[in-house]
Structure formats: C-alpha cells, structure tokens
Amino acid sequence: MNFPKRTATCGELRLSDEGRVVVLNGWVHSIRDMGGLIFIDLRDRYGITQLVVSPDVNQELSAKVKELKQEFVVWAKGKVRKRENPNPKLPTGLIEVELEEFGILNKADLPPFEISDIVDVSEENRLRYRFLDLRRPSVQRRFIIRNQIYQIIHKYFYENGFIEVETPFLTKSTPEGARDFLVPSRIHKGKFYALPQSPQLYKQILMISGFDRYVQIVKCFRDEDLRSDRQPEFTQIDLEMSFVDREDIINVTEGLFKSLWKEILGIEINTPFPRLSFSEAITRYGSDKPDTRYDLEIVTLTDGLVGTNFRVFDEAIASGKVIAGLNAKYCANYSRKQIDELSELAQKYGGKGLLWMKKIDGEINSPIAKFLNEKAINSIQEKGKIENGDLFLIVADEWEKCYTILGALRKEIAKRTGILEKVNGKYEFLWVVDFPMFEFDKEENRFVAKHHPFTSPLDEDIHLLDVDPLKVRAKAYDVVVNGEEIGGGSIRNFKPEIQEKIFRLLQLSDEDINVKFGFLLEALRYGAPPHGGIAIGLDRLVMTLTDTDNIRDVIAFPKTTSGLALMENCPTFVEEKQLRELGIKIDI
RNA sequence: GGGGUCGUAGCUCAGCAUGGUUAGAGCGCCAGUCUGUCACACUGGAGGUCGCGGGUUCGAGCCCCGUCGGCCCCGCCA
C-alpha cells in the first residue's frame, strides 16, 4: 500500500514549525464536530496533534472527515498554524494542522474502551484487549522507561568490561528450589528439558572458562503461584565476576543503581548503601527486606519478662520462644474491631494471637495487665517507649515467626497511620547480609539452602558445617529498596570439596550429586577462580522507577494471577498428534 | 493447597442487608443541532444470558450449593 509517509510525528510540532506543510501518520484519538468546524486529535507514540477542518475552506474535505471514527489509522497532510485558542495541556498545544488532504489507511471497530488515560478499565479487560491497552500513553510510558533502563544497563556493563553471553533456555531440570517449567523432548521421548529458573550454573561455568565478567538481561521461569510482584516468567539482570569478594559485587551493583537513579529520575543516591545482617533485619524490622524509609522498629521484650507468672509468657520463654512488641504511636484510640483486624493479620502469618496494651491518661489499659506485675509492665513500657496515646502490640512466638508477624503489623500500621504515604517519593536502599546458609525444612525433614546450594559459607563459619549447620552464615547478600527485594547474590563455592560437602549436607545422595551437578563439580576441579555475582530483578526495578506496585504494569504481555494469558488464551490443550510425537499421555 | 473480595448495558458502577410490576446512573454508541473545541455542549434514541450450572421459593440480580474468571493475601517462590 502506497501512502504519504510522515514528515513529523504527532508529538513534535511547535510554534517554530508554523507555516510548514507536514504529513502525519497516526490513530484518530478523538473527533469534535462543532457543526461547522471539525477538530480531530491524531495520536501516535510521541503525542497528540490537533487537526482542524473548516467548511468554508473545503466542503468536500469536511464531508469526507465525517467517515472517520475513533482509532481509524490515517495519514493527514496540512499546514502548521498557530492556534486561536491554545491548549496548555498538550506539548503541541500552541499549534494545529490545517487539514488539506487525508486518507484512511485502516478502519477500526469501535474499541471496547476508550484509549485514554482518564477512563477507568478493569485489569481483566485491559489484559484481554492488551493491544488497545498498550496504546494508552500512561501504559506506554513505562515501556519507554523500561527501554531507557535497558540502554543504561548495557552501557554501564559494557563500560565496566562485562561480556554479554546468552545461556540456554532448554536446560537441565534440577528440582532444588522452585518448580521447573518442563519442555518434553521429541527426540528423546520421556525426557524433559527445563526452562531456567536462572542461568546460575552457566554463568559459573563461564567464570571457570575465564570470561571474568559476565552479564545478561535474561528471562527466567519459575512454576510457582503468582503475586502482584511475581510472574512465572520474569527478567533478571544476571551478572557474575571472577577474582572478587562480596565488596566487589556490591560496588558494581551500587554503581548501576547510581546511574539508573540519576539518569531515570535525576536523583543522586548515596553510596555505599547501609548494611544490616539478616538477624538484625529480622529483629528490628521483622523482615529480610525491610522498608527503612520509616523507623517504627520492633523491640525485643523477652529478657524483661522472665518469671512473670503469666502463663503465655512463661511457657513461651520456657520453650525458647521470643516475646517482642511494636509501638503503634498514637493508635490508642483503636477500637476493638480495629485491634481484631490486626489480630487477624497476625493469624494470617501463623500467629496464635495478638496481645496489646494502650496508654491513655497515664494509665495502662490492657487485657493482660491483670496478669502482670508492675515490674513486667514497667519493663514493657520502658523498652517500648510507650507514651500516652500509644497502642503497643505484643507477640510471643518462635524467633523468626514472632518477628515476621510484627513485621507484617509494622507495615500495616505504617499504612493505616499514613506513614507510608508520607515517605512516598523517597528511596532507601540497603544490603541485607550474613544470611543463614541453611533452613530446616520440616516437611522434607532435611536442611535446604536458604539462598542456593552454590553459595559459599562465611570463612569463619566453615568449621560449623559439621557441628551446627543452622549456625553457618553464607556469603549471600540481598539488595533492598523501599521494602522490595530487588536483587540477591552470593560468592560461590569455587572449591569442589566444599561444594560437595554442601550437597551432602542437603542430603543429596552420591547418585543425585553426580546426575544433577556432576558437570559442575567436574568443572570446578579444572581450575575454578574465586567468583560470585548477583541477579537483579529487572521487572521490580522498573516497577520502582515507574512507581507502580503491579508487576503486570511493566510487562507487555503478562499472565493473570492464575497464570492465564487472557488475550491469546493460553495455556491450551494441544492436539493428540503433538502428544503422540512426544510420547506423552494426558492423565487429568 | 488455603483465605478474602469482586463478576449487573460496550466501559465504570449502583441495586442485594430486609426476595415482589417493565433492572438503573454516568461515560461511550447511534441520529439530529451547533464555526474555536480539546473529558465540546444541547436534544432525542438504541442497548441487559444480572459470569455459568443447579437448588430453595408462588416468585431469585438479591438467599443456598457448585463452577469458571479477575484482583489481593498465606503457603510456595534454591
């Protein structure tokens, strides 16, 4: 199809272009027919330009314009002129194009919703008609920023000597950790590839191969349930470096964030980022990804509550549990119902209940006050810095659970009291370090790696591997911004004997080790340099930089929370023939 | 695997607690009027499987059960 190609975009014409004859290509955004004068807003990715037709100039054209409907694709030729009534809301608002000639390149059905940032559309409809949703300027904006982010990343790592290498998508299934998406092999019936949860082992192999500095912006796949910040396929900035320790990875990462924040937001962020040990993050904020934009810290009460004769406390302490609390400032006016809601939240996180104390007019008011002596109450008041008008929440539970519950309450209180709103626009980064190497999995009755099994233990903790694995800390680090875990990495095991020892601690049999990770151990035996790296969640990074808490806003074609793609309708059943070729029988 | 919440016109929603003529609103759409609008305005009009299936009832958009789908969360996410 031959058509006049644009000589300008819909976003660029200004007063200085007055008198120019231009051709625009775009979509009919809206038509305002005043009876005589007709205004047409033409839209493309760059903006909106107003076209104007007046009947006394060209009646024929005026009649033809009435064929246009919204979202028709057109070319339009005309002269740029100064507007009689400028529109300050548009960058092109000082000019308009006096339409001389136009053609319809394609018609359009009436869209199910208006292509406008003003109109509210349910997410379901947005995803079903994603091709229309993605036409909306506010939706496009995030992808334009996402693209800028790609460019900054590529530039930053190129300038720092990193090599981009592509790693396979058809990989080996190693069902430690998340569930794998499996891809059946036709040639080897009954066998499966797995889509990578991360290119972890490939990048370590690249280090052993001497690539020294690797980076990749890469899709990763995890077959787990979705959340507002979790998709089954997502993008990581994956990097690995040789002859480094934790500080080198941290420096490189901080440098990247510095460039991104400066170039995208014009904000100079301070480095180095503060650091918290895992145990400090948990005990102070109740989270391994604390939002440090506000204080509202958790206080540990256990020591001051020994021997209170209050059954709940005594039993907790006797069984090695922890008692801790959170001061919800100025919340003493919370009703029974509001406190019940907080209690329900505590239960959602596995808590048995929530104790509380209010201070009003200098008096402590609490359902547990009658069980506690003055010394205990004073201890709580003092540690919790409880003042008039405060509501103090208390939880007694196992170490991590106790603090996690209070961490959830901390977030909730911040939300309810408007603290969260006040810190909007602030960015607080931090590193969480010294994670425990292992957790005990009650269901599987064995240790599992908290980060992943390729992580190196802290040198000073290596001797504990044989004695008390749960005490072993790892050379792992997470980078957190505003309470979002935005990246995580570690220094890896580069000595085969330590790697093997860790596999054994995870109760992998010799055969498992050999079948699943034999190639890694083999590679490690041929001169592996000390190495480590990090994976940064690109989608979450874009979320932060474009100020949204919905990951679907930054992914062009995302899945719904049940893992469906509503536009193309996927997943689907496949033809019997395809299954036969793969040697697969469906048994639902 | 579990919990919460929503599903009514093309879109966004009200109606449901306490079942009862012909299910409403705004926007959009269609027709008309209008020569400076820009969320144009005004007049008129069309438009409904109340997600789907079953049950209770004389009678169900409303109550009950199931199911499908959206969103949020717990578990899960090395």
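Order of the sequence lines fixes the chain letters, A, B, ..., with proteins taken first and strands second; residue numbering starts at 1 for each chain.
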Partner residues of A:D120 under the side-chain hydrogen bond (donor to acceptor under 3.5 Å, both in side chains) criterion, sequence neighbours left out: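 Partners of A:D120 under the side-chain hydrogen bond (donor to acceptor under 3.5 Å, both in side chains) test: none.
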Qualifying residues under side-chain hydrogen bond (donor to acceptor under 3.5 Å, both in side chains), relative to A:K516, sequence neighbours excluded: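 In terms of side-chain hydrogen bond (donor to acceptor under 3.5 Å, both in side chains), with neighbours along the sequence ignored, A:K516 is linked to no residue.
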Result block: side-chain N/O donor-acceptor pairs under 3.5 angstrom for residues 340-348 of chain A, not counting sequence neighbours:
{"from": "A:E341", "atom 1": "OE1", "to": "A:R416", "atom 2": "NH1", "distance (Å)": "3.2"}
{"from": "A:E341", "atom 1": "OE1", "to": "A:R416", "atom 2": "NH2", "distance (Å)": "2.9"}

Using a heavy-atom cut-off of under 4.0 Å over every strand shown, decide if [X] touches base, sugar-phosphate, or nothing.
X: A:P86; result: base
X: A:P111; result: nothing
X: A:P112; result: sugar-phosphate
X: A:V448; result: nothing
X: A:D120; result: sugar-phosphate

Ring pair (Phe, Tyr, Trp, His ring centres under 6.0 Å): pairs with one or both residues in residues 486-510 of chain A, sequence neighbours excluded: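 As it turns out, the ring pair (Phe, Tyr, Trp, His ring centres under 6.0 Å) pairs with a partner in residues 486-510 of chain A, which skip direct neighbours, are A:F503-A:F517.
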Mind checking the [atom1] distance from [N] to [M]? Whole angstroms is fine.
N: B:C64; M: B:A25; atom1: C1'; value: 30 Å
N: B:G61; M: B:A9; atom1: C1'; value: 14 Å
N: B:C29; M: B:U12; atom1: P; value: 16 Å
N: B:C6; M: B:C77; atom1: C1'; value: 26 Å
N: B:G28; M: B:C72; atom1: C1'; value: 30 Å

Within residues 25-53 of chain A: residues closer than 4.0 Å to RNA chain B (heavy atoms):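 The stretch gives A:R32, A:D33, A:M34, A:G35, A:G36, A:L37, A:F39, A:Q50 as the residues lying under 4.0 Å from the strand, ordered by number.
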Residues within residues 485-501 of chain A bordering RNA chain B, heavy-atom distance below 4.0 Å: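 Residues of residues 485-501 of chain A that come under 4.0 Å of RNA chain B do not exist, since none gets that close.
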base_contact_polar (B:G3 base, A:E344 side chain, donor-acceptor, <3.5 Å):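 Not at all, since no donor on one side and acceptor on the other fall under 3.5 Å apart.
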Closest-nucleotide ordering on RNA chain B, the 5'-leading residue of A:R83 and A:N125: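 Counting from the 5' end, the first nearest nucleotide belongs to A:N125.
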Side chains of A:T544 and A:E484, donor plus acceptor under 3.5 Å: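 Absent: no donor and acceptor within the cut-off.
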Reading 5' to 3' through nucleotides 68-75 of chain B, protein heavy-atom contacts under 4.0 Å coded B for base, S for sugar-phosphate only, - for none: -SSBSSBB
Tell me every residue that passes side chain to side chain contact (heavy atoms under 4.5 Å, CB included) with [X], counting only those two or more places apart in sequence or in another chain.
X: A:T171; result: A:P168, A:A194, A:P196, A:Y202
X: A:V73; result: A:W27, A:L105, A:N106
X: A:F131; result: A:Y129, A:M567

Acceptor/donor pairs from residues 45-52 of chain A side chains to any protein atom, 3.5 angstrom cut, sequence neighbours excluded:
{"from": "A:T49", "atom 1": "OG1", "to": "A:C10", "atom 2": "O", "distance (Å)": "2.6"}
{"from": "A:Q50", "atom 1": "OE1", "to": "A:R32", "atom 2": "NH2", "distance (Å)": "3.0"}
{"from": "A:Q50", "atom 1": "NE2", "to": "A:E96", "atom 2": "OE1", "distance (Å)": "3.0"}

Within-4.5 Å side-chain heavy-atom neighbours: A:K79 and A:V97: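 Not in contact.
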Interface polar pairs with nucleotides 29-31 of chain B, N/O, under 3.5 angstrom:
{"from": "B:C29", "atom 1": "OP1", "to": "A:Q70", "atom 2": "NE2", "distance (Å)": "2.7"}
{"from": "B:C30", "atom 1": "OP1", "to": "A:K69", "atom 2": "NZ", "distance (Å)": "2.8"}

Mutual orientation of the aromatic rings belonging to A:F278 and A:W399 [parallel < 30°, tilted 30-60°, perpendicular > 60°]: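 Plane angle between 30° and 60°, so tilted.
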